[in-house]
Amino acid sequence: MIRINLLPYVKAKKRENVIQQISVFLLLVLITAVALIWYNSKLNKEIAALVAQIDYTQKEIVRYKKIAEEVEELKQKLAMLRKKLEIIGQLDADRETAYAVVSHMSEVIIDRKKKKRLWFTKLDAMEEKTKRSAPQRGKKGKAPEPAPAEEVERANVAINIEGIALDNKTVADFMTRLGESGLFTDVRLITLRQETMKTGGSENINLKGFQIACIKPPAKKAEPVTAEKKEEK
């Protein structure tokens with residue numbers, strides 16, 4: 001009977017399998033290493049791009065911060081300019097108000113035939129805003145519309161007068177003329193006091209110091225003449 005020794009063949013086969021497994025393992029290691037290197041390179045590029053974007057964003061933040069500071073400075077200058085314009089407008093309005101008050105006051109001053117019997121020492125005029133409802137108007141032959149009236153601002157001028165008069169009657173006459181002039185309303189005597197003026201002689205002059213408050217309502221605006229009003233005429 002013929003006997004065949006298969007031991008060397010089995011050993012060779014095992015050696016071949018081991019080499020094959022080692023080759024596959026090394027190939028897998030190589031592929032993994034290449035993949036890791038590629039992924040690391042990709043991450044490095046992304047990190048570099050993010051760093052560049054962050055640097056650009058920081059520069060833009062600094063630039064826009066400077067622009068924002070300039071805008072804020074311009075806003076402050078604009079607010080200051082508006083405030084100055086408001087003050088100038090208020091001064092112009094006060095100047096016109098003071099001129100109108102003094103002009104109207106000269107119309108109601110004590111009669112010049114009685115010579116100088118009253119003197120002003122102080123005259124204050126201040127605009128005060130009030131509101132009233134505008135009257136509702138309907139068309140000719142129709143009832144007024146039920147719509148709510150609009151609120152319209154009126155500018156009254158509160159006037160405070162301080163002065164000196166020769167006697168009580170002069171003060172009373174002055175207040176009467178103020179009330180009857182139609183230019184001033186709510187005429188009130190605030191204070192009336194005795195004052196003595198020293199002269200070079202032996203006798204002193206007794207005078208009356210007074211303080212009067214009144215209101216000057218705004219001038220009424222002339223209404224435009226419409227076709228309906230022309231027909232009525």
Side-chain angles (χ1 to χ4, degrees), residues 85-138 140 144-145 148-199 203-233:
L85 290 175
E86 288 177 1
I87 294 173
I88 292 172
Q90 186 63 38
L91 290 175
D92 287 340
D94 291 343
R95 181 180 61 183
E96 294 176 0
T97 301
Y99 174 77
V101 169
V102 173
S103 176
H104 292 155
M105 198 67 67
S106 64
E107 297 176 10
V108 297
I109 199 69
I110 297 300
D111 193 353
R112 295 179 182 177
K113 294 179 181 179
K114 297 181 179 180
K115 299 182 180 180
K116 293 183 178 181
R117 301 177 60 86
L118 181 143
W119 299 267
F120 291 160
T121 58
K122 186 177 181 181
L123 178 62
D124 293 333
M126 181 180 297
E127 257 187 8
E128 53 183 12
K129 298 284 185 177
T130 58
K131 288 188 177 181
R132 63 177 178 85
S133 297
Q136 297 181 0
R137 297 179 181 177
K140 184 179 179 182
E145 298 178 359
E150 296 179 355
E151 291 292 326
V152 186
E153 286 191 356
R154 299 181 63 199
N156 291 335
V157 180
I159 301 173
N160 183 60
I161 306 168
E162 294 183 17
I164 299 174
L166 291 181
D167 49 36
N168 293 339
K169 187 177 183 305
T170 303
V171 178
D173 290 343
F174 177 61
M175 293 180 64
T176 301
R177 294 172 75 89
L178 283 176
E180 293 177 350
S181 67
L183 301 172
F184 305 94
T185 61
D186 194 17
V187 181
R188 308 184 307 278
L189 179 64
I190 306 300
T191 58
L192 183 64
R193 62 191 179 276
Q194 182 76 27
E195 291 192 4
T196 303
M197 186 176 69
K198 295 182 180 181
T199 62
E203 296 182 358
N204 296 329
I205 301 176
N206 293 325
L207 301 173
K208 296 293 181 180
F210 65 87
Q211 181 180 359
I212 297 172
C214 60
I215 299 294
K216 183 185 178 304
K220 295 181 179 179
K221 294 183 179 180
E223 296 183 358
V225 179
T226 60
E228 294 177 356
K229 291 186 177 180
K230 288 182 180 179
E231 291 177 1
E232 290 178 359
K233 291 181 180 180

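Just so we're clear, the structure is a prediction, and the values are computed from it rather than from any experiment.
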Query raised in the report: So, for Ala158 and Ile215, which heavy atoms are closest and what is the spacing to 0.1 Å?
Result: CA-CD1, 3.8 Å
**Report entry** Which residues share a side chain to side chain contact (heavy atoms under 4.5 Å, CB included) with Glu162, sequence neighbours left out
**Finding:** Thr121, Lys122, Asn160, Gln211
Query - Check: Pro217 and Asn156 side chains under 4.5 Å, non-hydrogen atoms - result: yes
Report summary line: When rounded to the nearest 0.5 Å, the distance separating CD1 of Ile161 from CG of Leu123 is 6.0 Å
Requested in this report: Take the angle between the ring planes of Phe210 and Phe174 and call it parallel below 30°, perpendicular above 60°, tilted in between.
Outcome: tilted
Requested in this report: Answer whether the closest heavy-atom distance between the side chains of Asp173 and Thr170 falls below 4.5 Å.
Outcome: no
**Report entry** All side chain to side chain contact (heavy atoms under 4.5 Å, CB included) counterparts of Ile205, not counting sequence neighbours
**Finding:** Met197, Thr199, Leu207
Query - Min side-chain heavy-atom separation Gln194-Lys208 under 4.5 Å - result: yes
**Report entry** Among Ile190, Ile159, Val171, side chain to side chain contact (heavy atoms under 4.5 Å, CB included) partner for Ile212
**Finding:** Val171
Report summary line: Nearest heavy-atom contact between Met175 and Arg188 is CE-C, 3.9 Å
Query raised in the report: Just how far is it from atom CG of Leu166 to atom CG of Leu118, taken to the nearest 0.5 Å?
Result: 8.5 Å
